[in-house]
Amino acid sequence: MAASIIDGAGIARALRLAWASRVQALSAAGRTPGLAVVKVGDDPASAVYVRNKVRACAELGIHSELYELPASASQEQVLERVSLLNANPAIHGILVQLPLPGQIDEAEVLASVAVAKDVDGFHLQNLGALVAGRPGLRPCTPAGVMYVLDQTGVEIAGRHAVVVGRSTIVGKPMALLLLEASATVTVCTSRTRDLAQHTRDADILVVAVGRPGLITGDMVKPGAVVIDVGINRLADGKLCGDVDFASAREVAGSITPVPGGVGPMTIAMLLGNTLTAAEAGLASR
Ligand code: GUN
């Protein structure tokens with residue numbers, strides 16, 4: 001039997017609807033939530049992501065500001081922009097779109113974002129809080145995957161979750177969140193020997209490598225939950241994930257599509273983190 005398709009776009013829509021009252025409460029308290037997005041250079045994929053983030057803010061009534069710096073921007077210019085946003089009381093969340101051009105020290109830029117405004121959850125203090133199981137802003141994509149698993153009634157505790165990919169944006173925080181939820185977690189990389197042997201043992205398979213069609217149906221355990229985080233643009237302009245959807249859906253129990261799966265959840269969690277950051281400031285006034 002073909003897998004059920006997990007409607008990430010629908011789950012994200014429902015979340016945004018539910019959050020309208022949080023935005024209203026903040027705005028009524030004179031604290032309209034504000035997100036600043038900093039984009040450096042002209043990576044075409046980043047341009048699409050940033051546009052989608054800004055549009056999602058507008059739809060929910062979140063104030064947003066987009067700062068576009070040229071590809072030739074200096075480290076000082078980027079740090080100066082972040083510093084101004086750190087000090088801006090109308091801004092509760094700051095996102096520096098990655099990747100940054102080669103001349104920019106990414107680690108230094110991410111470390112310069114105020115921890116309380118780090119809605120990407122990439123600051124070392126927020127990543128450390130994740131490792132330690134302490135409260136903090138969580139990276140959006142893995143947080144979105146956890147929410148999707150929860151909403152689709154997937155049991156996590158005691159099950160074998162396999163994460164393919166070890167990036168700081170997705171793979172590592174994903175593994176930690178699944179571990180926190182008491183899964184038995186295996187992390188694979190694109191260089192793992194006999195990858196299929198590991199993926200075939202996964203009750204929950206999360207793939208975030210950035211390689212179209214890396215995971216085929218024969219690498220999936222019958223009935224498994226398959227979460228495809230990959231967003232790859234093919235030569236014909238179409239988007240596809242890291243999972244070969246046609247063959248995997250014949251084997252999996254449920255599967256996220258690309259587009260319309262994890263992508264919308266990442267944006268929803270970004271909005272959610274921005275609301276959380278704005279609410280935290282309200283509580284401490
Ligand atoms: N580039 C790809 N994904 C992301 C993300 O979640 N946040 C940021 N800032 N940049 C990204």
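If you read the sequence from its start, that first residue is 1, and numbering goes on from there. One-based numbering, in listed order, for ligands and for the atoms of each.
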Return yes when atom CD of E65 has more than 12 non-hydrogen atoms of other residues, nucleotides or ligands closer than 6.0 Å, and no otherwise.
-> yes
Determine which pairs satisfy salt bridge (charged side-chain N to carboxylate O under 4.0 Å, His left out) with at least one residue from residues 68-80, sequence neighbours left out, and list them in order.
-> K39-E68
Report the residues that fulfil side-chain contact (heavy atoms from CB on, under 4.5 Å) with N52, sequence neighbours left out, ordered by chain and then residue number.
-> V48, R55, I267
Would you tabulate the polar-atom pairs, meaning N/O of ligand 1 against N/O of the protein, with distances under 3.5 Å, reported to 0.1 Å?
{"residue": "ligand 1", "atom": "1 (N)", "partner": "Q97", "partner atom": "NE2", "Å": "3.2"}
{"residue": "ligand 1", "atom": "1 (N)", "partner": "L98", "partner atom": "O", "Å": "2.9"}
{"residue": "ligand 1", "atom": "7 (N)", "partner": "D120", "partner atom": "OD1", "Å": "3.1"}
{"residue": "ligand 1", "atom": "7 (N)", "partner": "D120", "partner atom": "OD2", "Å": "3.3"}
{"residue": "ligand 1", "atom": "9 (N)", "partner": "V96", "partner atom": "O", "Å": "2.9"}
{"residue": "ligand 1", "atom": "9 (N)", "partner": "D120", "partner atom": "OD2", "Å": "2.5"}
{"residue": "ligand 1", "atom": "10 (N)", "partner": "Q97", "partner atom": "NE2", "Å": "3.4"}
{"residue": "ligand 1", "atom": "10 (N)", "partner": "L98", "partner atom": "N", "Å": "3.0"}

Mind jotting down which residue pairs meet the salt bridge (charged side-chain N to carboxylate O under 4.0 Å, His left out) criterion with at least one end in residues 206-231? Sequence neighbours excluded, please.
-> D203-K221
Sole residue of T186, V145, I156 in side chain to side chain contact (heavy atoms under 4.5 Å, CB included) with L178 = I156
Within a radius of less than 6.0 Å around CZ of R16, do more than 12 heavy atoms belonging to other residues, nucleotides or ligands occur?
-> yes
